[in-house]
Amino acid sequence: MKKHNFYAGPSILPDFTIQKTAEAVINFAGTSLSVLEISHRSKEFVAVMDQAIALVKELLEVPEGYEVIFLQGGASLQFCMVPFNLLKKKAGYYNTGVWASKALKEAKFFGEVVEVASSKDKNYNYIPKNVSIPSDIDYLHITTNNTIFGTQIYKDIDAPVRLVADMSSDIFSRPIDISKYDLIYAGAQKNLAPAGVTLVIVRKDALGKTGRPIPTMLDYNTHIEGVSMFNTPPVLSVFAGLQTLLWLKENGGIKAMEVKNIAKAKLLYDEIDRNKMFTCPVPNPEDRSKMNVVFVMAPGFEELEKAFLAKAKELNILGIEGHRSVGGFRASIYNAMPIESVAVLVNAMKEFEAQN
Ligand SMILES: *Cc1c(COP(=O)(O)O)cnc(C)c1O
């Protein structure tokens, strides 16, 4: 029976990606070898890497002057690589969640860090507004989608300084104006590929300004010059990522994806707001994530949480347990999630209300 996969990450991928990757594990590009056992320097794999880089540039309309690279170490290694490469004296960070605060913590190894804005006072349930961004910082770091708390900075912000964004959980979900950013990074396992690869888009002229020596593997320039093949890349993850990029293109690209994502999020939030048994801890609709929908039992119904999880399980709805720091539920509705699965969850909520 069909499973409805709401896991936060690793998470749902398009059927196309799974199918093509499974085929390549058996016979990659007509070589009669598995993608698991072929040299990353073979012409067949080099073509995969080149096409993946080209498609990221095409789909996100990456302007001249930027480089696209695939790295390892997850988004978490970027928490340290970003300041290693960009922080000369002082950096500013938005503290809007667990991942944002982890990024901030790592930057402190490299210089002064200012918490430019924070939503910690309300358990990260909003995006700070009217932030005044200092002009004497080397860069401002934001987390565009707070995967755990279900908030999102949906509009590209205008910063008077270099802008760095962790887009791990919303890259490719909506059009972005790359020219407003100097560096974007995203662990692939939310919206692109299996775990093991991290996408980085960097403005070349942002690099090489700190005067600090950087170990070879942690220097973005190493991977730019090596075309993401300075050392052995995670071939399977890159291959799968390419399939997702091809699927995105085939399905109308990022604008079409955004239309679907808005419809899916609206369907679910409307039900949370309507249903007396559930409530969304993020009060301002503008701040609500279109990728990770967090909701909890409404006051008076708290003791029914386990019962709703059991009902969901019965209906093959998987992965909606909330993160321990928020509790309740979290439905991750990434690009590959069909609206039909969101409708199954919404119907479960309606039935649950009628039954209790
Ligand atoms: C999942 C996630 C991370 C951590 O990614 P890893 O690849 O596991 O290091 C960082 N930031 C955000 C926003 C995430 O959603």
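Numbering of ligands and ligand atoms starts at 1, following listing order. Just so it is clear, the values below take in all heavy atoms, side chains as well, and ignore hydrogens, waters and symmetry mates.
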**Q** Among all the protein's non-hydrogen atoms, which is closest to atom 9 (O) of ligand 1, and how far away is it?
**A** Ser76 OG, 2.6 Å
**Q** Going by the order shown, which atoms of ligand 1 are within less than 4.0 Å of some heavy atom of Gly74?
**A** 7 (O), 9 (O)
**Q** Please classify the Asn145 to ligand 1 contact at 4.0 Å (heavy-atom distances, strictly less than): side chain, backbone, both or neither.
**A** backbone
**Q** Using a strict 4.0 Å cut-off to heavy atoms of Gln189, name the atoms of ligand 1 that fall inside it.
**A** 5 (O), 6 (P), 7 (O), 8 (O)
**Q** Considering only heavy atoms, does Lys190 approach ligand 1 within less than 4.0 Å through its side chain, its backbone, both, or neither?
**A** side chain
**Q** Taking N or O atoms only and a 3.5 Å limit, does Ala75 qualify as a polar contact for ligand 1?
**A**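 It does: an N or O of Ala75 is found under 3.5 Å from an N or O of ligand 1.
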**Q** Could you tell me whether Phe79 approaches ligand 1 through its side chain, its backbone, both or neither, with non-hydrogen atoms closer than 4.0 Å?
**A**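 Within the 4.0 Å criterion, Phe79 contacts ligand 1 through side-chain atoms alone.
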**Q** Need the ligand 1 atom indices (1-based, order shown) with element for anything under 4.0 Å from a heavy-atom of Ser169.
**A**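 This gives 15 (O) as the contact atoms.
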**Q** Can you report which non-hydrogen protein atom sits closest to atom 15 (O) of ligand 1, along with the distance?
**A** Thr147 OG1, 2.5 Å
**Q** Is the distance from the ring center of Phe308 to that of Phe278 below 6.0 Å?
**A**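 When the ring centroids of Phe308 and Phe278 are compared, they turn out to be within the sub-6.0 Å range.
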**Q** Quick one: does any side-chain atom of Asn261 pair with a main-chain N or O of Met257 as donor and acceptor, under 3.5 Å?
**A** yes
**Q** Would Phe84 and Phe109 count as a close aromatic pair, with their ring centres under 6.0 Å?
**A** no
**Q** If the plane angle is over 60° it's perpendicular, under 30° parallel, otherwise tilted; pick one for Tyr124 and Phe149.
**A** tilted
**Q** As an exercise, state the distance from OH of Tyr269 to SG of Cys280, rounded to the nearest 0.5 Å.
**A**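 Between Tyr269 OH and Cys280 SG, I get 5.5 Å after rounding to 0.5 Å.
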**Q** Suppose we measure from atom 11 (N) of ligand 1 to each protein heavy atom; which comes out shortest, and what is that distance?
**A**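 So the nearest neighbour among protein heavy atoms is Asp166 OD2, 2.7 Å.
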**Q** Between Asp205 and Tyr66, is there a side-chain donor-acceptor contact under 3.5 Å, judged purely by atom types and distance?
**A** no
**Q** Going by atom types alone, do Asp287 and Thr151 pair a side-chain donor with an acceptor below 3.5 Å?
**A** no
